[in-house]
There are 2 protein chains.
Amino acid sequence: MRSAIRTGALRGLPPSTTAPLHSGMKTARSCTPRRVSVPPASAFHSKSPDYSEAPAAAAKLPEAEPTPPPTPRDRITLADIKERRAKAGRLIAPTAASCNADMFKAPQTTGKPKAKRWDHLLTKESTLRAPCKLKQAAKNLNNPGLISLGGGLPCPEYFPISSLTLHIPNPPHFSETATLAGGTDATIGKYDASAAPTPTPTPNPNPETTTAAAPEYDLSIALNYGQATGSAQMTRFATEHVELLGAPPYADWGVCLTIGSTGALEQALRMLCDGPGRGDTLLTEEFSFSTALETAAPLRVGVVGVEMDGEGLVPEAMERVLDGWDVEARGGRAKPRVLYTVPSGQNPTGATQSVQRRGAIYEVARRHDVFILEDEPYYYLQMQEPGTEPPASVEAFLEGLIPTYLSMDVDGRVMRMDSFSKVVVPGSRMGWITASEQIVERFIRHAEVANQGPNGFSQVILHKLLDERWGHEGYFRWLMNLRMEYTKRRDAMSAACDEFLPKEVVSWQPPQAGMFQWLKVNYELHPSASTKSIMDIEEEIFNSCISKGVLVARGSWFRAEQDIPPSGLYLRATYAAATPENMREAIRRLGEAIRESYQL
Amino acid sequence: MRSAIRTGALRGLPPSTTAPLHSGMKTARSCTPRRVSVPPASAFHSKSPDYSEAPAAAAKLPEAEPTPPPTPRDRITLADIKERRAKAGRLIAPTAASCNADMFKAPQTTGKPKAKRWDHLLTKESTLRAPCKLKQAAKNLNNPGLISLGGGLPCPEYFPISSLTLHIPNPPHFSETATLAGGTDATIGKYDASAAPTPTPTPNPNPETTTAAAPEYDLSIALNYGQATGSAQMTRFATEHVELLGAPPYADWGVCLTIGSTGALEQALRMLCDGPGRGDTLLTEEFSFSTALETAAPLRVGVVGVEMDGEGLVPEAMERVLDGWDVEARGGRAKPRVLYTVPSGQNPTGATQSVQRRGAIYEVARRHDVFILEDEPYYYLQMQEPGTEPPASVEAFLEGLIPTYLSMDVDGRVMRMDSFSKVVVPGSRMGWITASEQIVERFIRHAEVANQGPNGFSQVILHKLLDERWGHEGYFRWLMNLRMEYTKRRDAMSAACDEFLPKEVVSWQPPQAGMFQWLKVNYELHPSASTKSIMDIEEEIFNSCISKGVLVARGSWFRAEQDIPPSGLYLRATYAAATPENMREAIRRLGEAIRESYQL
């Protein structure tokens, strides 16, 4: 019985790698009197009598699909995840437990191919990375009864926080007012995960949320050192989230938690682009996220901006750049082998690539063997189409989202970056990447020395909120609510633009996703166009805006290639931060600044 | 009156840089109805009538030093900090406020020289770093009344956590039992910092701790994007902490919060050492922290290990390496210009450099113009000397600590790395560096694209705990308590070693600091010494340990130069993690493994 449960909890893995998620070594590694008195290992399995006989145990199986179909499904459903978790039982992942996505993925069907290898693309730096010796040695902790005098992990007895309590919304009542009036307190204790499951769980104040009968994560684990992959607890969440959104069509994909996509991109560039040695060049949109450009520049990675239209990067333009690449004419720069793209609500242009557009770009990438860095902080801020009803269910919401590059990546040439920054809190400094096992493994090696993975507070707080309390369904409902809020904000800005901007010189397209309104100002119509440059007029308008009390971003900050003449005059305005009233006033000021400059 | 307060709050700064810490732009940037209704700016200054007339306002000045001496003091005292804070008033540092140590340092005496410049040492990568355009633009937010449509900062209305409550110890009652029985709940709200100060503050349950009358930090600030330097709130704490410990003797020093010293070291190496281009080489102890070595290796930075004795790195040996450096004999490697050292409780040897030793090493560094990376995670784990009484006061504790390199750094050739990992929680992934302004500025430029500084949860939680609730004094009392706990743990391990290890082949010195017991096993006395290598026997003992149920670290993992023959057979055992009983059993097993291998 016991061994069957273990297999169930970690199916698809060879026995040697399953051990970290069992409790065998736990008592031996503990160092506090509390820990010594925890129940024996058997109590940590959810199928132990205490737990399975609990009257109101969580994660009861829905009856919808009694016999799973024998063929692979395109997309894992919420019901699948619930079923899988119920079968697997309580997750046992103590301090610094090693883990990977395979522990949590649906069983892999044999028909799926493996991802392409990228040995030829990896930089010398990345290739030279060896696993962290001390983290490797931690594997021996799987041996039952082993006492560790190995790693210098402080004893949680000396962690000066005995519990953390969050006050959080109950889905679907997400507003601040509703949360203050009727939210829930969720407490994270220091030793929750090693406590025995309560036979009679405390009543769940919100029956719509999934509350685990016994916590699987706590401060003693989260606040100690961990693996650079992030915790098993949040790795499970990210893995399942990827499946719910649409997993890659190849077999050996994995995830690794990150310290946010800013850090993840720097790691990716150091892994895939070698500026000084190989003369590598990065492809991106002609206007691109300025911080991404600032990440590449000191690495001496060249950047080539590809022409855009209303749907973002133009695949034909990308093909032209690659087809016509002349190393000599490009000053010795190698033909680009990596594309960095923000497909949804692109920063700064707000452009969103349609599914057809993504497919076409992917095909160009295949033809030229280009690796794709898919940066999607705004993915869930895909707006509600005007005049349409919001999705009636989470399933409908997911179906309505534009498919990711990841979900169409038959080769394993995509590394997707997800982030909690725009949709939960930026201060979490946490997200994850999804890519082929080879890419993920090299990424982890770098994370071990660059950051050791995301911090424990964010991991345990987001786990409590998103996984234990809300569950995937509650989190998707949060995202559904958020996109409606951003739709309202975008509409408020569009209305203000309509009201105050001089249409004779400014043109714009309300974005379908993201946080940014991109404004094209017609340079040719400027009265001083013959004597002043685009940059001069952009600066004049920017300074005039500042003196009138509005800050907008200058389009030139985002130019991928700063050394070629600008193609036009642009401004970026965000509708994320200001109140609707302030936004209206700000756009009024902007209109005034433009009118003055254009003498309208 | 108003302007005098502003000057008081931010003295030592030109007016243009003081604005971020005032509340001028606050209303304009806010986006929630709550925010719009906050009191006008004047209420944010602590000297406003409401606050200064509050009956029990915190941070009352002690009467000890009514007239500060006119000459600079060697070390800032707790009373100085209290006085300075009382004069400055409530810190106003809203979302993404920029800051630097100068805002919080004692007024600089004119007599102090500036730090040496390091232009010749900075790598091409570091030199090429430009400031982050979007973060630069945030400076315009200082303009009163400005509305930002600039940065894509999400509105805190959409942060799904309305408060965080910590249960924490009341100094000096730090044990888990005391905290459970009589600890304090400290709550962090979403908009605490923009709330008006309460005229009658809630009574402080623990009169020994410093409780600010009005919170200066909250979730709306901490969980949004911030500057890569870390928050003003924690920058102030780190700056003052450095001063209490002993600030550098030059004028232009600064601090920058980090994501922990692992990440800080990688940033430092990329800033100061260029392996492929310049053939740079790093000096370190002959046995060094394996993760540090693993950080340098993929950067192709050469490593040269310097001979050690019981006090760690031997300055004469360092001088010999530098004096006799032969680029050709070293395969084209440049003469080392950077030293990485762990002065207290060195990892793995446990060696602690005396003040004389530090001085001698610093002099060698001066003679050869070597920059020093001072990595001090274990600094506060300096043990209580046997038979001595613990320090009676915080001042006595600070006086008894071995001076830092930083405090003797007349040139500005030291970058010190401090970390909360070993003394608060590793999962905070947070620490700070202290160095000259030039070094700190280059470090920040890298942090902007590598990690964006430490996460907001850690910053706001540690601020609530260490700054607002405990204050510097409470935190030092925590550290004093912690070193006593580690002294007990070290003694337990020493006793176990005395009891179980075969002294005829194993020798050791109980460490004066840190977490590690280093064990020298006499290879020459091994019965198979003539046929088996040091590495063979080390492996044999390690494997035997694993099969007997104890994990120790192999000395060879820490060898700075893996390509030269090992000088001896060593093992590292930590007393940080296991209970005293388990530690005793583990050392018994280790003794057994060694005896068996040596046929004793």
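Excluded from the calculations below are hydrogen atoms, water molecules and symmetry mates; all remaining heavy atoms, backbone and side chain alike, are included. In this text, all values refer to a predicted model and were calculated from it rather than measured experimentally. Per chain, numbering begins at 1; letters A, B, ... match sequence-line order.
Counting heavy-atom pairs under 4.5 Å between each of B:Trp478, B:Phe558, B:Phe516, B:Tyr575 and chain A puts B:Trp478 at the top. Across B:Ser175, B:Gly263, B:Gly260, the residue that shares the most heavy-atom pairs under 4.5 angstrom with chain A is B:Gly263. The most heavy-atom pairs under 4.5 Å with chain B, out of A:Thr295, A:Thr574, A:Leu590, come from A:Thr574. Note: A:Val550 leads A:Ile259, A:Val550, A:Leu219, A:Asn451 in heavy-atom pairs under 4.5 Å with chain B. Of the listed residues (A:Lys548, A:Arg445, A:Glu585, A:Lys124), the greatest number of heavy-atom pairs within a distance under 4.5 Å of chain B belongs to A:Lys124. When the candidates A:Gly456, A:Pro454, A:Ser547, A:Ala292 are compared by the number of heavy-atom contacts under 4.5 Å with chain B, A:Gly456 comes out ahead. Between chain B and the options A:Ala553, A:Gly453, A:Gly514, A:Gly150, the largest number of non-hydrogen pairs under 4.5 Å is found for A:Gly150.
Across all their heavy atoms, B:Ser148 and A:Ala577 have their closest contact at O-CB, 4.4 Å. When all heavy atoms of A:Asn455 and B:Gly427 are compared, the pair lying nearest together is CB-O, 3.3 Å. What you find for A:Cys155 and B:Tyr486 is that their closest heavy atoms are N-OH, 4.4 Å.
Salt bridge annotation for A:Glu125-B:Arg270: present, with a cationic side-chain nitrogen under 4.0 angstrom from a carboxylate oxygen. The pair B:Arg129-A:Glu294 fails the salt-bridge criterion, with no side-chain N (NZ, NE, NH1 or NH2) lying under 4.0 Å from an Asp/Glu carboxylate O.
Between B:Phe174 and A:Tyr158, the ring center distance fails the sub-6.0 Å criterion.
When heavy atoms are compared at a cutoff of 4.5 Å, B:Ala222 approaches chain A solely by way of its backbone atoms N, CA, C and O. Contacts between A:Arg589 and chain B at a heavy-atom distance below 4.5 Å involve the side chain alone, from C-beta outward. For A:Phe542, the part sitting under 4.5 Å from any heavy atom of chain B is the side chain, from C-beta outward, and nothing else. Looking at B:Met430, neither its backbone nor its side chain comes within 4.5 Å of chain A, counting heavy atoms on both sides. Of the atoms belonging to B:Pro131, it is backbone heavy atoms, and not side-chain ones, that fall under 4.5 Å from chain A. Interface residue A:Ser290: only side-chain heavy atoms are found under 4.5 Å from chain B. Interface remark: B:Ala586 contributes backbone and side-chain atoms alike to the contact with chain A (heavy atom separation under 4.5 Å). Looking at A:Ala450, both its backbone and its side chain come within 4.5 Å of chain B, counting heavy atoms on both sides. With a threshold of 4.5 angstrom between heavy atoms, B:Arg572 approaches chain A through its backbone and through its side chain. Contact of B:Tyr378 with chain A is not made at all, since no heavy-atom distance falls under 4.5 Å. Looking at A:Ser421, both its backbone and its side chain come within 4.5 Å of chain B, counting heavy atoms on both sides.
Here the CD-OG1 distance, from A:Glu448 to B:Thr291, works out to 8.0 Å after rounding to the nearest 0.5 Å. Between the CD1 atom of A:Ile161 and the CD1 atom of B:Ile168 there is a distance of 8.0 Å, given to the nearest 0.5 Å. Note that CG of B:Leu551 is 5.5 Å distant from CG of A:Leu146, once rounded to the nearest 0.5 Å. Atom OG of A:Ser428 sits about 8.5 Å away from atom CG of B:Leu223, to the nearest 0.5 Å. Taken to the nearest 0.5 Å, the OG atom of A:Ser163 stands 6.5 Å off from the NE2 atom of B:His167.
Side chains of A:Met515 and B:Pro154 form a contact here, defined as non-hydrogen atoms less than 4.5 Å apart. In this structure the side chain of B:Leu299 never reaches within 4.5 angstrom of the side chain of A:Leu128, judged on heavy atoms. Counting heavy atoms from C-beta on, the side chains of B:Leu462 and A:Phe457 come closer than 4.5 Å. Here the side chains of A:Pro298 and B:Ser126 are not in contact, with every heavy-atom distance at 4.5 Å or above. Counting heavy atoms from C-beta outward, A:Tyr475 and B:Pro160 have side chains that stay 4.5 Å or more apart. In this structure the side chain of A:Leu149 reaches within 4.5 angstrom of the side chain of B:Met583, judged on heavy atoms. Residues A:Asn143 and B:Ile546 form a side-chain contact, since some pair of their non-hydrogen atoms from C-beta on lies under 4.5 Å apart. Proximity of B:Leu164 to A:Ile461: side-chain heavy atoms (C-beta onward) are separated by under 4.5 Å at one or more points.
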Return all side-chain donor-acceptor pairs below 3.5 angstrom for residues 132-141 of chain B, not counting sequence neighbours, or 'none' if the list is empty.
residue	atom	partner	partner atom	Å
B:Lys135	NZ	B:Gly226	O	3.1
B:Lys135	NZ	B:Gln452	OE1	3.2
B:Asn140	ND2	B:Ala137	O	3.1

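Heavy-atom neighbours of B:Arg584 CZ from other residues, nucleotides or ligands within 6.0 Å: at or below the threshold of 12.
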Step by step, would you call A:His446 with B:Glu266 a side-chain contact (heavy atoms from CB on, under 4.5 Å)?
CA-CA 10 Å; A:His446 188 187; B:Glu266 212 215 20; 2.9 Å; yes
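Listed by chain and residue number, nothing satisfies the side-chain hydrogen bond (donor to acceptor under 3.5 Å, both in side chains) test with A:Thr258 (two or more places apart in sequence, or in another chain).
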